[in-house]
Amino acid sequence: MCGIVGYIGNKQVVPILLDGLQKLEYRGYDSAGIAVLLDGKIERRRIEGKIAGLKEKMAKEPINGFMGIGHTRWATHGRPTEENAHPHIDCKNEIVLVHNGIIENYFTLRQELIELGHKFVSDTDTEVLAHLIEENNKSGNFLEAVVKSLKEAEGSYALAIVLDKTPDKLYAARLGSPLVIGIGEGEYYIASDVLAILNYTKKVIFLEDGEIAEVSKEGFHIYTIADLSRVNKKAQLITWDPITAEKSGYRHFMLKEIYEQPRVIEENIKGRLSKDKEEVYLDFPDLPDKELEGIKKVLIIACGTSYHAGLVGKFILEKILRISVEVDIGSEFRYRDPIIDKNTLLIAISQSGETADTIAAVKEAQKSNAKIISICNVLDSSITRLSHGVIYTHAGPEVGVASTKAFTAQLTALYLLALYLGKLRKSISKIELIELIDELLKLPKKVEAILENDKDIIKCSKTYFKYKNFLYLGRGINYPIALEGALKLKEISYLHAEGYPAGEMKHGPIALIDENMPIVAIVPHGQVYDKMVSNLREVQARQGVIVAVGYKNDEIVKEMSDYFFTIPETIDFLTPILTIIPLQLLAYHVALKLGVDIDQPRNLAKSVTVE
Ligand code: AGP
């Protein structure tokens, strides 16, 4: 995710751009930049790092002007350097743009444009758009040139574009990434979200996917990118206060991030899976295929929620690769004198990429020449710099301390990695590959369906928020989900919750069960369904309270449950991405009822950088 802003009017543009970018910094802060158009000349200032650095630069190298665009970056293609910082510009320094999204076919377009003589100065997908518009602008009708270029580009974008030939126009286009137009008196704003412009106007128009706006001081026109037909839209009045706006209207960042999961899973799949080509696109330039084909064992290292993703990863990788997969908690790994060699693949999973326990474990594995792949959400973080290959989870900044969207993004990355390695090592059949790709592509919509159906979860939280102890039960690939569901509840509500393999109940925990101990059970149809149902019968026999997660048409479990949260059907192997969603919401709503600090729970930190 990145943040973009634009302004055209009668005020000095730089302070407005910097203020807007500051408000959007939560969307990414790898690098930042602005471009101002004055007297037909485009001037840019860009820095690696946060907005504060850009403010310092602007104080030293000021620019005057009344029209411009700005960007704060969450890097997806190209390291967070000044050369890769937006805004990006064409060969003739006449077209400058900022972009939030991913241009999937940028490499092909870049090659074609290089053959046409265009010179590139960055490794970004965004710069391709500037040269593509330049190439298509031979006709001189800029709006048509932009639209033609957007039709040639595949992927997602929220764009703000300035052309020095028409010094009085800004262009804004949207496909898949949010973009809003702010309406002032003889001045207009463009932004990734209203937060960036709420200080200046509350009157906004939200662009829809497939729309482009041409904005001047006199007003704006909106067209469809498909055929340039005019679109009339009514302005809306934003009633949010700025803090609520940063959460896009959600009460807490955690809730916003839970609801971002369909888009995040889609971002992780888009451009990396092709069903008709039966392809999985992952890129490990420092890990040749023959080395990956030679892997004899996998070690997964992580902490907390990422460790739970690793436990699911064991099921995923062992099923597809048919080699041994061990999973270790970062702080434990080094003390068991692990058996590692050059044929070991170590997968480090970390949202922050800065968890000290995981870093220490990776360094330990490095001594034995293990191959290292990290699954991480922060570009260029410490763990990624220790890795031979990285799968970025593109979840955007996760602000809530309790990890939610990063977890499902990690699971998605593990499925992609398993399919990639399975294909490479020929351990997965073509039919299995296509079936899994097909079902993975459907997951964002299935997650959305669960999120839309939260009323029973809210009711359940109101019933049990005063209870003091909870037991989460799962089997097989959903046992780690029992652990993760319990962690979510305990870390934000401070209630005691424990995840357990359901089969272990009879070996001790069943002594705990009575009407004061809600049992949260994960019971989708599949290999362990019958066993789970028997475990629930044992709970029922002891007046236990049952809160179950299962398939919509499951009358047996529904009849046994005090509360029954349904999920859409999927392949048993993929259920964890769905079964965790109701448990995230349950934890959130229980904590909400308790009135605790959900985004910053006591004693916790978003990234534990001490051992
Ligand atoms: C998750 O909700 C917790 N905040 C915590 O367990 C976290 O998962 C753990 O500290 C690991 O962090 P990382 O993914 O950044 O390495």
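Start at 1 and go down the list; that is how both ligands and their atoms are numbered.
- Side-chain atoms of Asn84 and Thr124 include no donor-acceptor pair closer than 3.5 Å.
- Using modelled atom types, one finds no donor on one side chain facing an acceptor on the other under 3.5 Å when comparing Ser31 with Glu82.
- Checked against side chain to side chain contact (heavy atoms under 4.5 Å, CB included), Ala158 has the following partners two or more places apart in sequence or in another chain: Ile4, Asn100, Ser177, Leu179.
- Every residue two or more places apart in sequence or in another chain that forms a side chain to side chain donor-acceptor pair (under 3.5 Å) with Glu439 is listed here: Lys446, Thr570.
- Contact residues of ligand 1 (protein heavy atom closer than 4.0 angstrom to a ligand atom; sorted by chain and number): Cys303, Gly304, Thr305, Ser306, Ser350, Gln351, Ser352, Thr355, Val401, Ala402, Ser403, Lys488, Glu491, Val608.
- Each of His394, Gln351, Gln410 was checked for a side chain to side chain donor-acceptor pair (under 3.5 Å) with Asn377, and the lone residue meeting it is Gln351.
- Listed by chain and residue number, nothing satisfies the ring pair (Phe, Tyr, Trp, His ring centres under 6.0 Å) test with Tyr281 (two or more places apart in sequence, or in another chain).
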